[in-house]
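Here's the structure, in structure tokens; my notes come after.
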Amino acid sequence: MALTNTQEREQTEFSNRPQPIDGKMGATIIGPANPTREAENPDTLVPPRADHGTMANLRWSFADSHMHLSEGGWGRQTTARELPIATEVAGVNMRLTAGGVREMHWHKAAEWAYMLKGMARITAIDQDGHTFQDDVGEGDLWYFPAGIPHSIQGLEGDGCEFLLVFDDGNFSEEETFLLSDWLAHTPREVLAKNFGVPQSAFDGIPQKDLWIFQAPVPGPLASDRVAGAGPVPNSFSHRMLAQTPIRMNGGTVRITDSSLFKASKTIAAALVEVEPGGMRELHWHTNVDEWQYYISGQARMTVFASQNNARTFNFQAGDVGAVPFPMAHYIENIGASTLRFLEIFRSDHFADVSLAQWLAFTPHELVRAHLNIDESVLAKIPPRKTPVVAG
Ligand code: MN
Ligand code: MN
């Protein structure tokens with residue numbers, strides 16, 4: 001019997017779909033399917049044969065996070081509510097238009113940020129009345145310690161988009177202490193008494209919180225300077241992308257922890273670039289969980305969890321990855337362009353152990369007794385002190 005056009009089209013679509021088939025194992029999906037998502041996660045659909053066992057989910061995409069829209073921008077978060085394994089760190093992806101303000105506020109967690117696109121003006125004061133104002137661009141960081149009040153405003157052009165990282169997986173961007181929210185819940189006579197002015201001075205204050213709102217684009221930074229008790233002793237901003245990268249065959253790494261960015265006492269980070277075909281080598285971390293944010297490219301990460309358990313996850317721009325302490329892992333660039341991602345740690349320092357270094361720096365006789373490998377494998381490993389991208 002001849003196929004109708006619809007049947008033919010369905011059959012073509014079906015044959016183009018990724019299928020859970022690996023040699024003689026598996027079979028086609030004949031029930032409901034989501035081919036787009038299955039294509040995005042080829043190593044979930046057809047796991048590498050070395051994968052085994054049951055593991056917690058280690059991946060979330062900001063594309064699946066609830067969007068909070070406001071006049072002047074938006075925000076969406078990936079917290080322990082979205083990715084339950086990630087209890088140490090939460091992330092917020094935020095956009096501000098030119099002039100758009102994330103209003104003056106503070107919160108219980110410390111805030112670390114990486115500017116993804118555009119420019120912003122950030123302000124803060126510390127507990128001693130020291131002030132901080134800076135303009136930050138792509139690849140710049142900021143860090144506001146817990147409780148320190150601050151603001152962010154998009155600048156000329158198209159404003160900005162950035163990643164915020166908090167040193168608490170249960171942080172919520174909806175539970176911050178907002179200037180407008182506080183004053184809306186403070187009687188006018190108290191405000192009048194506090195500032196020594198008539199109550200009428202506060203007739204214009206907003207009746208509900210602003211969170212993000214549209215304001216005029218500010219003038220040059222120099223004209224926005226407020227002296228206060230002088231500048232904060234350790235700058236709240238840092239030019240991460242301007243750091244000279246550590247170069248390896250397969251890519252580059254920039255590490256920023258409190259040894260370089262002194263203010264950042266609870267968040268350490270690495271910006272990793274892996275060329276096509278290269279990989280972030282087999283390693284693990286000796287201090288805390290790892291939280292990742294993928295900036296560009298396509299990746300595959302396999303995590304070894306001990307007890308026969310290993311699982312592979314796929315990542316692309318806007319995805320978040322998690323690696324519980326001290327699970328071993330590696331990340332391959334499986335795309336045609338440079339893979340760029342951030343490794344984030346709730347720590348004052350970056351710390352990892354490389355498999356290659358471990359083997360090279362252990363008596364070779366002992367290593368060979370374990371693995372039955374040739375001395376030539378060990379001889380090829382260069383001594384090193386920094387994380388390695390293999391190419
Ligand atoms: Mn904040
Ligand atoms: Mn790692």
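Order of listing sets the numbers, starting from 1, for every ligand and every atom in it. This one's a predicted model, so the numbers in the text were calculated from it and none came from an experiment. Because only heavy atoms are used, hydrogens play no part in the values below, and waters and symmetry mates are left out as well, while side chains stay in.
With the Mn ion (ligand 1) as the vertex, atom NE2 of His105 and atom NE2 of His107 span an angle of 110° (nearest 10 degrees).
Excluding waters, the count of protein N/O/S atoms less than 2.8 Å from the Mn ion (ligand 2) comes to 4.
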> Going through the distances and angles, do Phe195 and Phe202 end up as a ring-ring contact (aromatic ring centres under 6.0 Å, His included)?
Replying inline: CA-CA 10 Å; Phe195 291 98; Phe202 300 100; 5.7 Å; yes
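His107 has its ring centre less than 6.0 Å from the ring centre of Phe171. The six-membered or imidazole ring of Phe345 lies near that of His285, with a centre-to-centre distance under 6.0 Å. In this structure, the ring of Trp211 has its center less than 6.0 angstrom from the ring center of His68. Between Phe236 and Tyr143, the ring centre distance reaches or exceeds 6.0 Å.
No side-chain donor-acceptor contact under 3.5 Å links Thr256 to the backbone of Met240.
Using a 3.5 Å distance cut-off with no hydrogens or angles, the side chains of Gln292 and Tyr294 do pair a donor with an acceptor.
Residue Glu173: no N/O/S atom is found under 2.8 Å from the Mn ion (ligand 1).
Considering just the N/O/S atoms of Glu111, the one nearest the Mn ion (ligand 1) carries the name OE1.
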